[in-house]
Amino acid sequence: MTLRTGYVKWFDKDHGFGLISPLDGSSDVYVDRHAIATTTKLLLEGQHVEFSTQQSSRGPSAADVIAF
């Protein structure tokens, strides 16, 4: 599993999902609160993150998200 880096494009804290913009310029990646590796399960717009990707029914989605 390859780790990637990016920034949170947006995250809806009420519904628990959002998008990450990878630094490599590839397409945005869906992120769900269950993929966040902290107890708060929240991300902030513009926050720097490290993550891996996996295939889901919605296409590529983030896994093992660590926020900095």
Side-chain angles (χ1 to χ4, degrees):
M1 195 174 332
T2 303
L3 289 178
R4 301 169 69 188
T5 57
Y7 287 94
V8 178
K9 186 171 188 175
W10 63 270
F11 189 81
D12 184 320
K13 66 180 181 178
D14 295 326
H15 293 101
F17 66 89
L19 289 176
I20 295 173
S21 292
L23 289 179
D24 64 10
S26 60
S27 297
D28 292 344
V29 178
Y30 173 82
V31 60
D32 183 270
R33 79 172 102 223
H34 301 293
I36 303 169
T38 63
T39 56
T40 61
K41 303 297 183 188
L42 286 177
L43 295 173
L44 303 173
E45 186 175 322
Q47 192 170 26
H48 183 230
V49 293
E50 185 175 77
F51 62 100
S52 57
T53 55
Q54 61 186 14
Q55 279 301 114
S56 72
S57 61
R58 297 179 181 177
S61 61
D64 306 316
V65 180
I66 299 170
F68 296 99

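The residues of the chain are indexed from 1 along the displayed sequence.
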Practice problem: State the CG-OG1 distance between Asp24 and Thr5, to the nearest 0.5 angstrom. | Solution: 7.5 Å
Quiz item: Quick one: does Pro60's side chain get under 4.5 Å of Gln55's, heavy atoms only?
Solution: yes
Quiz item: Given Phe11 and Leu44, is the side chain to side chain contact (heavy atoms under 4.5 Å, CB included) satisfied, shown in steps?
Solution: CA-CA 7 Å; Phe11 189 81; Leu44 303 173; over 6 Å; no
Quiz item: In terms of the angle between their ring planes, are Tyr30 and Phe17 parallel, tilted or perpendicular, with boundaries placed at 30° and 60°?
Solution: parallel
Quiz item: Roughly how far, to the nearest 0.5 Å, is the NZ atom of Lys9 from the CG atom of Leu43?
Solution: 15.0 Å
Self-check item: Any donor-acceptor N/O pair, Lys41 side chain to Ile36 backbone, under 3.5 Å
Solution: yes
Quiz prompt | Any donor-acceptor pair under 3.5 Å from Arg33 side chain to His15 backbone | solution = yes
Practice problem: Provide the closest heavy-atom pair for Ala35 versus Ala62 in the form atom of the first, atom of the second, distance. | Solution: CB-O, 3.3 Å
Quiz item: Hey, quick one: are Val49 and Leu42 part of the same hydrophobic cluster, counting side-chain heavy atoms closer than 4.5 Å, chains of contacts allowed?
Solution: yes
Quiz item: Which atom pair, heavy atoms only, marks the closest approach of Asp28 to Ser21?
Solution: OD1-OG, 3.0 Å
Exercise. Report the C-alpha distance between Val29 and Arg4 in whole Å, list the side-chain angles of each, state the deciding distance to 0.1 Å, and finish with yes or no for side chain to side chain contact (heavy atoms under 4.5 Å, CB included).
Key: CA-CA 11 Å; Val29 178; Arg4 301 169 69 188; 4.1 Å; yes
Exercise. Under the side chain to side chain contact (heavy atoms under 4.5 Å, CB included) rule, collect the residues that match up with Thr39, sequence neighbours excluded.
Key: none
Quiz prompt | side chain to side chain contact (heavy atoms under 4.5 Å, CB included) between Val31 and Phe51, worked out | solution = CA-CA 10 Å; Val31 60; Phe51 62 100; over 6 Å; no
Practice problem: Could you grab the distance from atom NE2 of His48 to atom CD1 of Ile20, nearest 0.5 Å is fine? | Solution: 10.5 Å
